[in-house]
Every structure is written in structure tokens, then in C-alpha cells.
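This is the structure I want to talk about, given as C-alpha cells.
Counting convention: from 1, in listed order, for ligands and their atoms alike. Note: hydrogens, waters and symmetry copies are ignored here, and every other heavy atom, side chains too, is used.
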Amino acid sequence: MSATDGSTHEPHKIVDKLHRPLRDLRVSVTDRCNFRCVYCMPKAVFDKDYKFLPRSELLSFEEIIRVVKAAAEFGVSKIRLTGGEPLLRHDIEKLIRWIGEVDGISDISLTTNATLLTEKRAYALREAGLQRLNVSLDAIDDETFSAVNDVDASVQSVLDGIENARVAGFESIKVNMVVKKGLNDHSIVPMAKHFHGTGQILRFIEFMDVGNSNAWDMSHVISSKQIAELIQTEMPIEPIEANYKGEVAKRWRYKDGGGEIGIITSVSEPFCGDCSRARLSATGSIYTCLFASSGHDLRETLRQENDQALHEKLKRIWTTREDRYSETRTHVAVLRPKVEMSFIGG
Ligand code: SAM
Ligand code: SF4
Ligand code: SF4
């Protein structure tokens with residue numbers, strides 16, 4: 001039974017060295033994807049010879065659940081499933097159902113490119129207990145979108161996925177658009193116009209220097225301020241309060257009542273001070289920062305030891321954490337190795 005069902009779950013909350021609690025866990029269920037977004041899995045690196053993980057190296061659903069239970073013991077209430085493309089993982093509905101049964105978990109969401117989100121799948125996800133969906137879409141015209149996804153996926157295939165989710169009963173679908181200068185910044189206003197008045201919240205994400213494959217530098221970043229100014233010239237907007245402390249998107253609403261947008265300011269205004277997220281890779285490593293060089297292996301602990309050892313390890317990992325990468329980043333990509341986004345999820 002989950003906490004929302006009235007159980008008496010009392011977590012033993014823990015904080016890291018900068019006094020940040022552990023609240024969210026992002027779970028990457030696969031490193032594979034049917035897209036090759038140029039800012040995430042560029043074809044030059046993720047080509048036909050690229051060695052994706054063999055099945056035996058992925059955590060099983062049983063192992064993921066053991067980690068979710070341990071995390072819930074320490075105060076995690078939100079789980080986000082991601083990847084790679086999470087809908088490529090067979091029977092993910094079963095995992096969602098099991099997560100929903102963990103004491104203390106009150107919010108389950110999933111981030112997807114939506115091309116595999118048929119109506120049947122959307123109903124199955126909803127029935128399994130998935131509460132929220134974030135869909136990634138980086139342009140509203142096929143030419144630009146293909147230049148981003150690099151596999152000729154059409155805009156319509158994503159819009160169909162969003163529509164299927166809406167029909168299946170997902171209420172606040174958020175649409176994420178990563179903005180990279182020279183790639184899709186001309187799509188900012190057309191995307192805003194498309195989603196204005198639909199009830200779907202469009203969120204712009206500043207292009208980040210995750211991993212070592214995407215050749216990031218600051219000159220490719222369009223700042224949140226520039227994004228807001230561009231929209232402002234066409235459709236007046238005003239800032240609104242965050243829904244809760246630690247919300248990553250800065251919220252704006254259209255003055256004409258056409259709904260709201262969000263801008264995720266990871267580069268121009270970092271939010272490390274409120275960062276309460278841990279990430280579990282598909283192979284069972286915990287990453288305490290999106291920009292970490294290495295993770296803390298839990299798979300061996302899961303496979304060789306008992307839950308007590310797992311709890312102790314997770315506690316040690318979080319209570320010794322002091323990451324605040326975005327607050328210290330420089331204008332060019334840091335040369336030390338960083339984990340790829342497709343490996344630990346966004
Ligand atoms: N495949 C799914 C999808 O695209 O929604 C889930 C995984 S994807 C890694 C999660 C999110 O990370 C997506 O919204 C994607 O656009 C974002 N992302 C990937 N690389 C990024 C980068 N370099 N900067 C900012 N966001 C990025
Ligand atoms: Fe795949 Fe998502 Fe990365 Fe695009 S952003 S390559 S859809 S994992
Ligand atoms: Fe959290 Fe690391 Fe991002 Fe800062 S840079 S908000 S610590 S994930």
C-alpha cells in the first residue's frame with residue numbers, strides 16, 4: 001500500500017553535506033533509444049558498432065524495487081522512469097505497478113519521446129498507476145525535428161503519442177524542448193504558439209554539457225532570459241510562483257489566459273541548492289549528480305548482499321554527497337569524463 005492510501009509510512013530522512021534531503025529518484029530502465037538526438041546520442045558515437053548493455057547487466061525489476069524501497073525508507077516519494085527510451089523496456093507497466101505498491105511512493109512519472117505511445121500502451125500505463133508524463137519534442141516542423149532526432153521521426157508521430165496519452169486520461173502532460181542555438185532556436189516561438197491554449201505545458205530546457213559526446217560550449221546555449229524575451233515579443237507572458245520549493249522550471253503564464261510555460265535554467269541560473277535528486281542507472285549505479293564522472297555501484301550489493309547492506313550503502317552515498325556542478329561550471333565543456341545522459345536519464 002502506498003502512503004496516499006493511508007499507510008503510516010515514516011521515512012528516516014537523510015540529508016547530504018549541503019543539507020539537501022533525498023526526495024526524488026530517477027530510474028533509467030534502458031540505455032537504448034530509437035532516436036539519435038544530436039545533443040544526446042549523436043550517431044557518430046552511438047553508431048551500429050556501439051555496444052549497448054547486454055540484458056544480464058540491466059537491473060531486473062525485482063532489483064529496481066529493492067532500491068526504490070530503500071530510497072523510500074530515506075524519504076524518497078517521487079519516482080521518474082527514464083532512459084534511453086523507457087518505453088523500449090519490455091513490460092514496464094509491471095514495474096510501474098510494483099513501484100506504486102511501495103510504501104511512501106506517492107508520485108510516479110515517465111519521460112519519453114512518445115513515438116511508441118500507442119493508445120493501447122497509454123491506457124496500460126495509466127492503468128498500471130503512472131500519474132504523469134513528460135514528452136520530449138524539439139520542433140514543430142519535420143525538417144528541424146529530423147535534424148534533431150536524426151532518424152527521420154516525424155512531428156506527427158509525437159503529437160499522436162501526446163493525443164493518445166490525453167485520451168487515456170493523462171491530465172497535465174508536459175512537453176520538453178531542449179533549445180540549442182543554430183539547431184532549433186527558430187522553433188521557440190512556433191512551439192509556444194502550437195501549445196498555447198492546449199493545456200499542455202511547454203517547458204524549454206537550456207542545452208546542457210551532459211556527457212562527453214555532444215560537443216557543448218556556452219555559445220550553443222540560448223539562455224532562459226532570451227527565451228522569455230522571444231516569446232514575450234509575440235505573446236505577452238508574466239512570471240508566476242513555483243508550485244513547490246525546488247521546482248526546476250521557472251513558471252510563466254500567458255496574459256491572455258492561454259496557459260503556462262516553464263523554462264529550465266540549468267545553465268544560466270543553476271538550482272543545485274535545492275537539488276534532492278538521485279539517479280539510478282540501468283546497470284544499478286547511483287549517480288548523485290547529472291554531471292558526475294562515476295556512479296556508486298549498487299548492483300553487486302543487490303546481487304551479493306542483503307537489504308541491510310543496501311540501506312547502509314545508499315545512506316553513505318547520500319550523506320557524503322556534495323555535488324553542485326552547475327554552480328561551478330565554466331564556459332567550455334569540462335574535459336574530465338562525465339556520464340552520458342542516455343545512460344542515467346534526464
Ligand atoms: N528518451 C526519453 C526522452 O527523450 O524523453 C527519455 C530520456 S532523455 C535522456 C530525457 C530528457 O533529457 C529529454 O527531455 C531530453 O531532451 C533531455 N536531454 C538530453 N540531452 C540533453 C542535453 N544535452 N541538454 C539538455 N537536455 C537534454
Ligand atoms: Fe533518445 Fe531521449 Fe536521448 Fe533523444 S533525448 S536520443 S529520445 S534518450
Ligand atoms: Fe543537481 Fe548536479 Fe544538476 Fe546541480 S548540477 S542541480 S547537483 S544534478
- prompt: Do Lys181 and Asp185 sit within salt-bridge range, that is, some charged N less than 4.0 Å from a carboxylate O?
  reply: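 No, this pair does not count.
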Tyr325 and Asp209 side chains, donor-acceptor separation under 3.5 Å: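 Judged by distance alone, the side chains do pair up.
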Sub-4.0 Å atoms of ligand 1 with respect to non-hydrogen atoms of Thr82: 6 (C), 7 (C)
- request: Looking only at non-hydrogen atoms, find the nearest pair between Ala153 and Ser146 and report the distance.
  value: O-OG, 3.9 Å
field: Shortest heavy-atom approach to atom 26 (N) of ligand 1 - which of Thr115, Val178, Val267
entry: Val178
task: Would you mind running through ligand 3 and noting each atom that sits below 4.0 Å from a heavy atom of Phe291?
output: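 So the atoms of ligand 3 that pass are 5 (S).
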task: May I ask which of Gly273, Cys289, Cys275 has a heavy atom nearer to atom 2 (Fe) of ligand 3 than the others do?
output: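 Comparing heavy atoms across Gly273, Cys289, Cys275, the nearest one to atom 2 (Fe) of ligand 3 lies in Cys289.
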query: Is Glu269 paired with Lys250 through a side-chain N to carboxylate O contact shorter than 4.0 Å?
result: yes
query: Can we say Glu93 and Arg121 salt-bridge, meaning some charged N sits less than 4.0 Å from an Asp/Glu carboxylate O?
result: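 Salt bridge between Glu93 and Arg121, a charged N being under 4.0 Å from a carboxylate O: yes.
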message: Heavy atoms only: which of Pro42, Cys37, Ser28 lies closest to atom 4 (Fe) of ligand 2?
response: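 Minimum heavy-atom distance to atom 4 (Fe) of ligand 2 goes to Cys37.
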- prompt: Any salt bridge between Arg251 and Glu241, counting N to O under 4.0 Å?
  reply: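 Result for this pair is no, no salt bridge flagged.
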Atom indices of ligand 1, in the order listed, that fall short of 4.0 Å to a heavy atom of Glu85: 1 (N), 2 (C)
field: Donor + acceptor pair across side chains of Thr115, Asn34 (<3.5 Å)
entry: yes
message: Check this for me: does any side-chain nitrogen of one of Arg321 and Asp16 sit under 4.0 Å from a carboxylate oxygen of the other?
response: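 Salt bridge present between Arg321 and Asp16.
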message: I'd like to check which ligand 1 atoms, numbered from 1 as shown, lie under 4.0 Å from a non-hydrogen atom of Glu206.
response: 25 (C)
task: Give the contacting part of Thr112 toward ligand 1: side chain, backbone, both or neither, where contact means a heavy-atom distance below 4.0 Å.
output: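 Backbone only; the side chain of Thr112 stays clear of ligand 1.
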message: What I want to know is whether Ser136 and ligand 1 share at least one N or O pair that is separated by under 3.5 angstrom.
response: yes
message: Counting only heavy atoms, tell me which of Met177, His220, Met208 gets closest to atom 22 (C) of ligand 1.
response: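 Among Met177, His220, Met208, the closest heavy atom to atom 22 (C) of ligand 1 comes from Met208.
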query: Quick one: which of Cys33, Gly84, Gly83 has a heavy atom closest to atom 1 (N) of ligand 1?
result: Gly84
Atom 3 (Fe) of ligand 2 - nearest protein heavy atom and its distance: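 Of every protein heavy atom, Cys40 SG, 2.4 Å lies nearest to atom 3 (Fe) of ligand 2.
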- request: Give the numbers and elements of all ligand 3 atoms closer than 4.0 Å to a heavy atom of Ser326.
  value: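 Here the atoms of ligand 3 in question are 5 (S).
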- line: Within 4.0 Å of some non-hydrogen atom of Asn113, the atoms of ligand 2 are 7 (S)
- prompt: Can we say Asp107 and Arg132 salt-bridge, meaning some charged N sits less than 4.0 Å from an Asp/Glu carboxylate O?
  reply: yes
query: Lys180 near ligand 1, heavy-atom distance under 4.0 Å?
result: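 Outside the 4.0 Å threshold, so no.
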- request: Have a look at ligand 1 and work out which part of Thr111, if any, has a heavy atom under 4.0 Å from it: side chain, backbone, both or neither.
  value: both
- line: Rounded to the nearest 0.5 Å, the CH2 atom of Trp252 sits from the CD1 atom of Ile227 at a distance of 11.0 Å
- prompt: Does at least one non-hydrogen atom of Gly83 fall below 4.0 angstrom from an atom of ligand 2?
  reply: no
query: Tell me: protein heavy atom nearest atom 1 (Fe) of ligand 2, and distance?
result: Cys33 SG, 2.3 Å
message: Check the orientation of Phe61 and Trp98. Use parallel for under 30°, tilted for 30 to 60°, and perpendicular for over 60°.
response: perpendicular
